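Here is the structure we will look at.
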Amino acid sequence: MQAKIIGIYDKLYRLYGPQGWWPLINLNSTNPHKTGAIRGYHPGNYSLPEERNDVYEVILGAILTQNTAWLQAKTALLNLNELNAIAPEKLLSLDDETLKLAIRCAGFLNQKAIYIKEISKFFIELNGRVPKRKELLNVKGVGNETADSILLYAYKQPQFVVDTYTKRIFSYLGLVGEDIKYMELKEFFESNLEKNIAVYNEYHALIVEHAKRYYNKKPYGVNDPLKKLLNQ
DNA sequence: AACCAGGACGTGA
DNA sequence: TCACGTCATGGT
């Protein structure tokens, strides 16, 4: 199984190349035509984010993109940027109506406005410290995937991120059961991969890119090149 | 015009 | 624990 997991990674990496997650709105993309991409992809650069407010921006994006296309989350981030609110203190100073207007394009505006303010308070309290996974899960609006996304992409911690695409692809390919739970699927990857930030970073991003091409409309998996790989 | 997007929470069984 | 309804806008 380990060989398959690594083989799939190698195949996806050869197909799509480094994805350079997480996008940051203030960077110019070096790959403007990537699926779902805006500005901010930085392929092969795993040192980002470095600035405090860039870390914060990744966290905001993780909340805003919950069950929402990244393009819409990005628009919300650009709106917040126009308000100079990609900084926790400034965001918390916004009144709720202004905040909701800025993020409404990302959907779930009422709850996401609450979640964003909650995580902003938490971020300030951290005072630069890297949060524990359990601490993040205690913040309202942060579930398993968002916690792992924040830890991996904002804080560069080795936490594998699982999402609905991951379950869809790997259960379709018969590598895991359809009813596998989040933590089980997370462990499935982490126990079979080297504990490497770049690998975790790219693997999740590559899965999303692959899913957008072959698993975003039914029937899933049509012409998926991974099927050939697994049949060899 | 249905379908779904880089999910999480609250509720009742 | 677990299945299920709810949250909401916008692109394809």
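The sequence lines fix the lettering, A, B, ..., with proteins before strands; numbering per chain opens at 1. These numbers were taken from a predicted model, which means no experiment stands behind them.
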Per [X] side chain, nearest of listed nucleotides [options]:
X	options	value
F108(A)	dC4(B), dG11(C), dC7(C)	dC7(C)
R104(A)	dC9(B), dG7(B), dT9(C)	dT9(C)
Q66(A)	dA8(B), dA8(C), dA5(B)	dA8(B)
Y115(A)	dC4(B), dG7(B), dC9(B)	dC9(B)

Under 4.0 Å, heavy atom to any atom of DNA chain B: which of residues 165-187 of chain A qualify? Y165(A), R168(A)
Taking only heavy atoms on the protein side, list every residue of residues 135-162 of chain A lying under 4.0 Å from any atom of DNA chain B, sorted numerically. V139(A), K140(A), G141(A), V142(A), G143(A), N144(A), E145(A), T146(A)
Categorize T164(A) for me: base, sugar-phosphate, or nothing, with a 4.0 angstrom heavy-atom threshold over every strand shown. sugar-phosphate
P gap between dT11(B) and dA8(C), integer Å: 16 Å
Using the C1' atom as the point on both nucleotides, what is the distance between dA5(B) and dA3(C), in whole Å? 22 Å
So F189(A) and Y203(A), would you call those rings parallel, tilted or perpendicular, with 30° and 60° as cut-offs? perpendicular
Take atom [atom1] of [X] and atom [atom2] of [N], then tell me their distance rounded to the nearest Å.
X	N	atom1	atom2	result
E209(A)	dA5(B)	CD	P	15 Å
K217(A)	dC4(B)	NZ	C1'	12 Å
N110(A)	dC9(B)	CG	P	16 Å

